[in-house]
Amino acid sequence: MNTDTAYSPLYTAQSRFVTVRGLRLHALVWGDLGKATPAAPLLVLAHGWMDVGASFQFVVDALRAKPGWQDRPIVALDWRGFGQSDASGADSYWFADYLADLDFLLDELSPGQPIDLLGHSMGGNAVMLYAGLRPQRIRRLINVEGFGMPATEPEEAPARFEKWIDELKQPARLKDYPDLASVAERLKANNPRLRADFALWLAGHWSHQEGGRRIISADPAHKRPQPLLYRLPEVLAFFRRISAPVLFVEGDQTMYFFLFNGKYDRAQFEERAKAVPDVRIRTITDAGHMVHHDQPEALAALVADFLQAS
C-alpha cells in the first residue's frame, strides 16, 4: 500500500468539548450551529463500535457539494471512551449511557430545536432507541447498518453474567502499532475496500502517539461484552414510539449477519423493521458494513435527498 499521501479533507471541522455527566466528550463541528433552522436543522452523526467521529469526514465532504448543504451545521460525536472523549473510568460500558450522553449533548448543541440524526452500526442501534425515547427531538432519522442483535431468552442471563464477571478479572488490552502506516494497514485488513489515502488519514484519528508507539484511541474496556440480554420486545417498544421518518441504509456486500451463525438473519431484521411506523430501506452497491468509507458519495446522496424531502 502506498502510504505516502493521506486524504486531504475539503472541509475542516473544529473540535468542541462538552462536559457531560462528569466526562469531557469531544465532537467535531462543521459550520455554525447558530445557522440551524427548523427546515434545515443540525445534523448529528454517531459512529459505531471501535470507530471515531472523524470517520464521517468523507461523507461530510460529499454532502457539502450538495445544493443547500454548503453552510448547514453538522456535528460528529465521539462516544464516551472513544476518540478524544474521556473514558468512563469504569471496567465496562453500558448502552444506556450512550443514550443519556446523547440527550445531554443535544441540550448543549441544539437546545429546544429538533435535529436530524444519523448513526452507523452501534451508533445506528443507539439512535434508533434514542428516537423512540425522545421522539420530539428528532426530525428525521438515518440508520446505517445498525441491524441490531439476535434476540435472547431469559435462560441465557446467568451464563452471560458469569462470562462478564470472569472477563472483568482479565486485563483488557488493545494492540499497539509501531507507526501510522501500520495502523493504516490494520484498517485496510479490517476493510479491504478502504482506499489507501482514506486509511492513512483515518489512522491519524483512530490512534494517537504514546511512548513511541501508536495507541488505538479507545478504552480497552469496550472489548468486554455487556452482560444484559438483548430483549427484543423492549427494543420493539422503542421502535413503535419513533415519530420521525426513518431511512435505513445497508451495503450490498455487508457480512453483518454472518457474525451470528444463523441466530439472526436479514429476514428477522425485516420483520423487526415493521415495528417502525415510517421506514424505508435502501441498499448501496459495492459497499460492505463500513458504507461511509466504501461509498461516501452514494451515502451522501441518499442522506441529502432524504433530509431535504418535504
Side-chain angles (χ1 to χ4, degrees), residues 9 11-36 41-60 72-134 137-138 141-144 146 172 174 202-210 215-224 226 292:
Y11 299 89
T12 303
Q14 300 296 316
S15 282
R16 178 167 177 174
F17 291 89
V18 180
T19 299
V20 168
R21 304 173 63 217
L23 300 180
R24 189 168 179 256
L25 301 187
H26 174 253
L28 293 172
V29 181
W30 293 266
D32 181 354
L33 297 181
K35 291 186 176 180
L42 172 67
L43 170 61
V44 175
L45 309 173
H47 67 80
W49 186 74
M50 296 307 296
D51 205 354
V52 292
S55 188
F56 290 107
Q57 179 69 57
F58 318 127
V59 175
V60 171
R72 184 165 173 179
I74 303 172
V75 167
L77 60 86
D78 285 342
W79 293 116
R80 58 170 54 204
F82 290 113
Q84 297 183 57
S85 288
D86 284 350
S88 70
D91 54 15
S92 55
Y93 282 78
W94 303 90
F95 210 82
D97 281 322
Y98 301 136
L99 306 186
D101 288 351
L102 179 58
D103 198 61
F104 277 73
L105 277 170
L106 295 187
D107 287 344
E108 176 74 20
L109 300 176
S110 187
Q113 184 168 306
I115 64 161
D116 290 334
L117 183 58
L118 180 152
H120 170 253
S121 194
M122 181 194 83
N125 291 306
V127 301
M128 291 289 287
L129 296 179
Y130 184 78
L133 175 69
R134 300 285 203 199
R137 301 204 72 164
I138 310 302
L141 181 69
I142 302 171
N143 179 352
V144 182
L174 293 172
L202 283 170
H205 295 268
W206 201 60
S207 67
H208 59 277
Q209 191 76 21
E210 188 177 307
I215 309 299
I216 302 305
S217 296
D219 185 347
H222 281 293
K223 294 185 67 177
R224 296 189 176 112
Q226 297 184 33
H292 54 310

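The figures here come from the full heavy-atom set of this structure, side chains too, leaving out hydrogens, waters and symmetry mates. The structure presented is a predicted model; accordingly, all values stated were derived computationally and were not measured. Numbering of residues begins at 1 and proceeds along the displayed sequence.
- Interatomic distance, CG of L25 versus CG of L105, reported as 5.5 Å (0.5 Å rounding).
- The main-chain N or O of G22 is never found under 3.5 Å from a side-chain atom of T19 such that the two would form a donor-acceptor pair.
- The two atoms that bring F56 and A76 nearest to each other are CD1-CB, 4.2 Å, heavy atoms only.
- Under the 4.5 Å side-chain criterion, counting only non-hydrogen atoms from C-beta, L118 is not in contact with V44.
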Stepwise side-chain contact (heavy atoms from CB on, under 4.5 Å) test for L45 and L117 = CA-CA 6 Å; L45 309 173; L117 183 58; over 6 Å; no

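- With ring centers used as reference points, W30 lies 6.0 Å or more from Y11.
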Under the side-chain contact (heavy atoms from CB on, under 4.5 Å) criterion, do L109 and L33 qualify, and how do the steps go?
-> CA-CA 7 Å; L109 300 176; L33 297 181; 4.0 Å; yes

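- In terms of heavy atoms, A126 sits closest to W79 at CB-CZ2, 4.0 Å.
- In terms of heavy atoms, G53 sits closest to H47 at N-CD2, 3.5 Å.
- Remark: the backbone N or O of G123 is not paired with any side-chain donor or acceptor of S121 at under 3.5 angstrom.
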Given R21 and R80, is the side-chain contact (heavy atoms from CB on, under 4.5 Å) satisfied, shown in steps?
-> CA-CA 11 Å; R21 304 173 63 217; R80 58 170 54 204; 3.1 Å; yes

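- Distance CG/L202 to CG/D51: 7.5 Å, rounded to 0.5 Å.
- S15 and H26 share a donor-acceptor pair across their side chains, judged by distance under 3.5 Å alone.
- Under the 4.5 Å side-chain criterion, counting only non-hydrogen atoms from C-beta, Y98 is not in contact with L129.
- To the nearest 0.5 Å, atom OG of residue S55 and atom NE2 of residue H205 are 10.5 Å apart.
- If you run side chain to side chain contact (heavy atoms under 4.5 Å, CB included) between S85 and each of D78, L23, L77, only D78 comes through.
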Pair L174-I215, side-chain contact (heavy atoms from CB on, under 4.5 Å): steps then yes or no = CA-CA 8 Å; L174 293 172; I215 309 299; over 6 Å; no

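- D219 contributes atom CG, which lies 9.5 Å from atom CE of M50 (distance to the nearest 0.5 angstrom).
- Ring centroids of F82 and H222 are separated by less than 6.0 Å, placing the two rings close together.
- S217 and H208 share a side-chain donor-acceptor pair at under 3.5 Å.
- Of all non-hydrogen atoms in P41 and P114, the two that sit nearest each other are CB-O, 3.3 Å.
- For the pair D101 and F104, the minimum side-chain heavy-atom distance is 4.5 Å or more.
- Separation of atoms OH (Y93) and CD (Q226) is listed at 11.5 Å; rounding is to 0.5 Å.
- Taking a cutoff of 4.0 Å between a charged side-chain nitrogen and a carboxylate oxygen, R72 and D116 qualify as a salt bridge.
- Residue L133 holds its CG atom at 13.5 Å from CE of M128, rounded to the nearest 0.5 Å.
- D107 and R137 are joined by a salt bridge, as a carboxylate oxygen and a charged side-chain nitrogen come within less than 4.0 angstrom of each other.
- In terms of heavy atoms, A172 sits closest to P220 at O-CB, 3.2 Å.
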